[in-house]
Amino acid sequence: MEHARITETREIKHFHFCCGLGGGKKGFNKARPRIGTLAGRYRCIGGIDVDPAAIRDFDNAGPGRPGTVMDLFTREQYVTFHDKLPPAGWREANAVDIRRAAGNESPNVVFISSPCKGASGLLSESLSKTVKYQALNELTLRCVWLMCEAWADDPVDLIVFENVPRLSTRARHLLDQIIQLLQRFGYAVAETTHDCGELGGLAQSRKRFLLVARNTKKVPPFLYEPVKKRLRAVGDILGRMPFPGDAAAGPMHRIPRLQWKTWVRLAFVEAGSDWRSLNKLAIESGYLRDYLIVPDMRNDALGVNNWSEHCGAITANGRPASGAFSVADPRCQNDGNYGQLGVRGWENSIGTITGQRSPIQGGFLVADPRAGGAETHKNVFRVVRWHDHAGTVTSGHGPSSGGGCIADPRPSGEPVFSKFVATKRASYARNPIGGDDQGAFAIADPRSSTGFEGGGKYLVTPFDGPSGTVIAGSTTGQGAFAVADPRAMHRMPGDAYLTGGHYGVVPWSGQSGAVSASAGYDNGRWSIADPRIDLASALPQLDEKLVAIIRALDGTWHRPFTTLELAALQSLIDPDEHWSTDPQTQREIQAAKLGDALAGLTLDGGSDSAWRERIGNAVPPDAAEAIAEVMGTTLLLAWTGETFVLGSTNIWVRPVAIALSVDQGNLTSY
């Protein structure tokens, strides 16, 4: 069924408090609500934020009135939070300043996303109760009061107030005051939570607190919940982007420089888990007992094949040190009768239960997949699987402070990714003596002076001694026809064998001899003393910051998300708008012309930590678009005189259906 042709378009004006980089603005601008032949089109009339860089990003987030840099603190709150007096010329914002920031227009929708650090789960309970963070939380009430005062003569139709879920507990007293204030100005209020990932169809789960207020005189229709969508996999987003570090993607796509010890920790975090994976490692005398970090071998040297996989070509030089010529043989396991310290799989049966029931006397352990426990904040050193969705994108800009990491399967097999590998000691015995030509297998035997059977076979005559009898069969195997001549050469420590150069090692600063067709390490000077591969000196210091590629035990590269990837997970950019090879997709993007500058590849400034903080604080545009769609539909119904419509989703929120549809006066509405 086709929609009826649109015959009228109504403008819906939106304004943003604590607007950040403009994620909410971008989402509202994209919304296209419609009722029959009537359509709505959003227009941004401004935004306010204290961060000048965020306002510059806000201005680039799409069409609309430029944002305003404004501090919304009271003087007392400023001193409490910053622990110093305001600078000269600073003054408290008032209702006149708010109206001026909106171009003296009245908005239909106001979106408030005040700072959430004071109520964030990343902040300890004790620290959240300090006066500094209590002053930050008070901005929530301050924003609502300024909004109500600024447009008291022409109240805002709909208000959206979003924050972290713990605001409802850590700032309960402030929320109670906000609700009472809104009710006094004629609003019905609903308090709820939602998942931005489900509203916007994102590749992250981002749970947020939401307060929705509706002016009961101006907007009588129901306000319905947005349709929930399926969470996407991280790989759906990242797989459409250039590889991390690609210069074509700009500076926001560079790999963060982390401390070496952080890279090593990430390598041992199981995909889909977090820092608690490290508790499974055994430490003895300050070292890992079961694992080593060694250079990755080229050409499968010392490679071990899985029992279920095929082997590579068997060559004439098929030794463990020259290829994958070892096998992980599962047949050596105990048959269950002698399963001391045996761990049973969840899906397996257990052996006979005996009177001796301790773990060291049989298979009396189980790998229980239910051990996840209660849901907690899991973003510390968390490594996300490629096919799963990410956790909440926070403003923390490191793996240990909230920034997630990904088990990226794409580096496997590429030569550039063979810097370091984490390997089990028992699985890969990387001992470079796999063949009899790789060690000291000759001996200087002092008994040779007696000759062969006393007859001088292969005997070497001292330079100052007499020779044996010269006979007709004058070959080296028939008498003492060799002499230890001290004049022939002057050997120095480290010299190569001075004939054909067998097993010769060429100095790094020297030159190689002629390369022959039969060049091999055992028939000439075909080895080099390379100072660059000294593993002991190559390993960085623990606190040295660098970009490293460590293949984890599951074969993937456990790495942090790049800043650009975090922006994509927040839906701030669409990878297809930049890297799609589909001509039709490119034509649709050009035809849309949404003025969507935030689809650019670089935010204001040059600091990764500042970018990540603004991205983590941003409202995902796709989630904001879903909210704007249902709000726009409600406004269009109100403007056409409709007071009721049957929706396909629940009324937002179900327990307050009456509060959202009729004027309740002074009745409590939450």
Side-chain angles (χ1 to χ4, degrees), residues 3 10 12-14 16 22-36 38-42 44 62 107-113 156-165 168 187-215 219-232 389 392-393 569-572 574 594 618-639 642 644-657 659-661 669-670:
H3 283 294
R10 296 288 296 272
I12 306 174
K13 295 174 287 186
H14 58 103
H16 300 260
K25 170 188 176 181
K26 178 181 177 182
F28 271 72
N29 282 348
K30 291 196 302 180
R32 294 294 183 268
R34 63 177 296 174
I35 295 293
L38 178 63
R41 190 175 187 87
Y42 279 92
C44 180
N108 303 112
V109 180
V110 166
F111 196 108
I112 302 174
S113 183
V156 178
D157 300 64
L158 294 172
I159 301 167
V160 185
F161 176 96
E162 74 96 40
N163 213 287
V164 294
S168 60
Y187 289 91
V189 184
E191 212 181 304
T192 183
T193 59
H194 70 282
D195 190 328
C196 290
E198 293 179 345
L199 297 187
L202 309 180
Q204 63 162 318
S205 177
R206 184 183 180 91
K207 298 186 183 300
R208 304 290 286 180
F209 169 84
L210 197 70
L211 183 147
V212 182
R214 175 186 57 82
N215 187 280
V219 186
F222 284 118
L223 177 63
Y224 286 91
E225 290 183 354
V227 176
K228 293 183 179 180
K229 303 174 183 177
R230 179 184 61 85
L231 290 175
R232 304 171 67 182
H389 63 269
T392 299
V393 174
L569 293 174
Q570 283 276 64
S571 72
L572 291 170
D574 184 354
L594 297 177
V619 176
D622 287 357
E625 180 184 3
I627 295 173
E629 288 279 356
V630 295
M631 288 192 159
T633 301
T634 300
L635 290 174
L636 293 178
L637 288 170
W639 294 340
E642 298 287 347
F644 176 80
V645 66
L646 185 61
S648 60
T649 59
N650 292 333
I651 297 171
W652 204 357
V653 172
R654 193 40 142 180
V656 292
L660 291 172
S661 59
S669 58
Y670 64 95

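With hydrogens and angles ignored, the 3.5 Å screen pairs no side-chain donor or acceptor of Arg34 with any backbone N or O of Gly40.
When side chains are defined from C-beta on, Met631 counts as touching Val212, because their heavy atoms get closer than 4.5 Å. Side-chain atoms of Arg208 and Cys196, non-hydrogen and from C-beta on, do get closer than 4.5 Å to each other. Between Ile159 and Val109, the closest side-chain pair of non-hydrogen atoms is not below 4.5 Å. For the pair Glu629 and Arg32, the minimum side-chain heavy-atom distance is below 4.5 Å. Asn108 has its side chain out of reach of Val156: every pair of non-hydrogen atoms, C-beta onward, lies at least 4.5 Å apart. Between Asp157 and Tyr187 there is no side-chain heavy-atom pair separated by less than 4.5 Å. For the pair Lys207 and Thr392, the minimum side-chain heavy-atom distance is 4.5 Å or more. Using a 4.5 Å cut-off on side-chain heavy atoms (C-beta onward), Asn215 and Leu158 make no contact.
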With side-chain contact (heavy atoms from CB on, under 4.5 Å) as the test, would you mind laying out the steps for Gln204 and His389 before giving the verdict?
-> CA-CA 5 Å; Gln204 63 162 318; His389 63 269; 5.6 Å; no
Could you go through the salt bridge (Lys or Arg N to Asp or Glu O under 4.0 Å) check for Glu198 and Lys229 one step at a time?
-> CA-CA 5 Å; Glu198 293 179 345; Lys229 303 174 183 177; over 6 Å; no
Under the side-chain contact (heavy atoms from CB on, under 4.5 Å) rule, what do Trp639 and Arg10 come out as? Steps first, then yes or no, please.
-> CA-CA 9 Å; Trp639 294 340; Arg10 296 288 296 272; 3.7 Å; yes
side-chain contact (heavy atoms from CB on, under 4.5 Å) assessment of Phe161 paired with Val189 | CA-CA 11 Å; Phe161 176 96; Val189 184; over 6 Å; no
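Taking the six-membered ring for Trp and the full ring otherwise, Phe28 and His16 have centroids separated by under 6.0 Å.
Minimum interatomic distance between Leu199 and Ala626 (heavy atoms only, all atoms of both residues): O-CB, 3.5 Å. Among all heavy-atom pairs drawn from Ile112 and Val110, the shortest one is CG1-CG1, 3.8 Å. Annotation for Ile627 and His194: closest pair CD1-NE2, 4.5 Å, computed over non-hydrogen atoms. Residues Ser113 and Val619 come closest through the heavy atom pair OG-CG2, 4.0 Å. Looking at every heavy atom in both residues, Leu202 comes nearest to Ser571 through CD2-CB, 3.7 Å. The nearest pair of heavy atoms linking Tyr42 to Asn29 is O-OD1, 4.0 Å.
Considering CG of Leu572 and NZ of Lys26, their distance stands at 6.0 Å, rounded to 0.5 Å. Remark: Phe209 CZ to Thr193 OG1 distance equals 9.0 Å, nearest 0.5 Å.
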